[in-house]
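Worksheet: one structure, shown below.
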Protein chains: 2
Amino acid sequence: MAILFIAEGDDPADYRPLLDQELGGVDFRIWPEAGDAAEIEAALVWKPPAGVLRRFPNLKAIISLGAGVDHVFLDPELPRGVPMVRLVDRSLTEQMCEYAILGVLRHHRLLPRYEALQRAGEWRKYPAPDTERTPVGILGLGVIGGAAAGKLAALGFPVRGWSRSAKALPGIACFHGAAGLSAMLAECRFLLCFLPLTPETRGIIDRTTLAALPQGAYVINLARGGHVVDEDLIAALDSGHIAGAMLDVFQREPLPPDHAFWRHPAILLTPHIAGLTVAASVVPQIAETIRRARAGKPLANVVDPERQY
Amino acid sequence: MAILFIAEGDDPADYRPLLDQELGGVDFRIWPEAGDAAEIEAALVWKPPAGVLRRFPNLKAIISLGAGVDHVFLDPELPRGVPMVRLVDRSLTEQMCEYAILGVLRHHRLLPRYEALQRAGEWRKYPAPDTERTPVGILGLGVIGGAAAGKLAALGFPVRGWSRSAKALPGIACFHGAAGLSAMLAECRFLLCFLPLTPETRGIIDRTTLAALPQGAYVINLARGGHVVDEDLIAALDSGHIAGAMLDVFQREPLPPDHAFWRHPAILLTPHIAGLTVAASVVPQIAETIRRARAGKPLANVVDPERQY
């Protein structure tokens, strides 16, 4: 009855004592020291190496250490039939909303321009912001995107939201499907991506999407690097059609040192920190997943393997 | 039955046509072209020169073109008995809340540090923010401070608020009076000032207040420059006790070119733009004040001349 930790980049010492406490003792193993493969019941994973998860015949749950699971679906030998669970966590949601609001307000309130004025020692006012006439578009209306939509609407922005299938959120103008996407984009001064990365959403922020946004729109990606076609974004920034972008996620992470994003004057980038998993916050739900998996009970926050979210 | 505009720095052309439309024709005069002083019934003011307002014997309302009225009380010859009205405006409140949230999140989410990492081409993550354990203190719980307190609480920050007299706001730990101030300060990672500037609040952010904040606290002033004792703030920043400050308002505006704030590495300054008065937003309430003043009815948002707010 063992738990295997396969999450390079995360520290198992953050999880082991907390899980031990929650579960009243735990056989916690750290990949590649898996021991007897038949004893592994649950795997805590972040970007697990391909082919590893299929080695455990009694695996009852694959638990992603993040809100997204695209990193697990990269494994072509992923065992079918083992439930995959993603984190739905208050701290993660809150952090992502903070990042989104910070990105929107920083541009909306012209902070980079005022910082430049301070550096120049120049006292000059730009016109007042017009929040009521600054529509914000949200791609993805799940737990996190939906929360961000609500918080941005509470600040006075008219918020539009887009999802694959039709949704209804109070105070949000909701769009769905391919036709809904282009209708929404035409109205948005900001475009924020919260989508899961799936075969359907990969590359969704491409030249067509960017061209559908109004001149001067601002793009914020806090989902996955694979949502953006990098060269299309750079072309749209260089042409001036898109005013700027704030990017937290990249096709390859760490972002390679020679990538053009690092030094592009219209790009603010952060190293995938919009939502950081905090062990103390997520361990209770991980423990509950393990308890339920052991008891053969249905799990919460299970990913649909067809939709991949 | 004339209205006098005495607001250097504001453009009367922003107000005249809108007021004309609202009031169905208006005798709108621009200082110093006041015409017959006995005909002036209402004055729209921002930093009116001392001694001017007393010249109009039939003045029925002094209307500040902002939320604050300290600039009017600077006039030692201010006519007593003429009601002074301040603006209470959705756009102003919303803008101020945006600025407050931007200032808090920028520091809370370590944006300047991540910007420095980008400039250095370095991919490095700082620890996750702990919003639930980041108390924010609000000085002043009026229309604007109260709204900002509520919006910051909605983001997950524990919010404390301080006011001269006792108040109760849902979800906000409220403090008042001198003893309440030091009790609140000891808990605050952020201190935001929304107070009216009065003889009682002038210099409230001095060495004593700053010393009462915990090591590493961050100060945001979007009220009036007179709330801050400049040299005390600089000393607290230089000692490292205060981590940084975002300042929108100054003792003298424009901030003199040789003032140390301009180039202090821990200060972000903006040129009094946290809340800009938007004529289209405020003209309806100005027109209503004028209509009520003409009709001899009681006015809304009248300032108490004793409290000066």
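We name chains A, B, ... by the order of the sequence lines, and we start the count at 1 in each one. Below, each value reflects all heavy atoms present in this structure, side chains not excepted, and no hydrogens, waters or symmetry copies.
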Would you mind telling me which of A:Thr277, A:Leu105, A:Ile101 has the largest number of heavy-atom pairs within less than 4.5 Å of chain B? A:Leu105
Partner chain B: residue of A:Ala147, A:Ala154, A:Gly121 with the largest heavy-atom pair count (under 4.5 Å): A:Gly121
Are the side chains of A:Leu111 and B:Leu102 in contact, using a 4.5 Å heavy-atom criterion? yes
Name the region of B:Tyr99, side chain, backbone, both or neither, that has any atom closer than 4.5 Å to a heavy atom of chain A. both
Of the backbone (N, CA, C, O) and the side chain (C-beta and beyond), which part of B:Leu117 lies under 4.5 Å from a heavy atom of chain A, both, or neither? backbone
Option in A:Lys125, A:Glu94, A:Glu98 with maximal non-hydrogen atom pairs under 4.5 Å from chain B: A:Glu98
Taking B:Arg109 for its side chain and A:Ala274 for its backbone only, find out whether a donor-acceptor pair lies under 3.5 Å. yes
Test your reading of the model: is there a side-chain donor-acceptor pair from A:Gln118 to the backbone of B:Ile267, 3.5 Å cut-off? yes
So A:Trp123 and B:Leu255, side chain to side chain contact (heavy atoms under 4.5 Å, CB included) or not? Walk me through it. CA-CA 7 Å; A:Trp123 179 276; B:Leu255 184 67; 3.9 Å; yes
Residue among A:Arg263, A:Glu122, A:Arg119 with most heavy-atom pairs under 4.5 Å to chain B: A:Glu122
So, the part of A:Phe261 with a heavy atom under 4.5 Å from chain B: the answer is backbone
Looking at A:Ile273, A:Thr131, A:Leu276, which makes the most heavy-atom pairs under 4.5 Å with chain B? A:Ile273
Choice from A:Arg124, A:His108, A:Glu132 maximising heavy atom contacts with chain B below 4.5 Å: A:Glu132
Which atoms form the tightest heavy-atom contact between A:Val278 and B:Ala128, and what is the distance? CG2-CB, 3.6 Å
State whether the number of non-hydrogen atoms from other residues, nucleotides or ligands found under 6.0 Å of A:Glu8 atom CD is greater than 12. no
Does any heavy atom of chain B fall under 4.5 Å from the side chain of A:Pro257, the backbone, both, or neither of them? neither
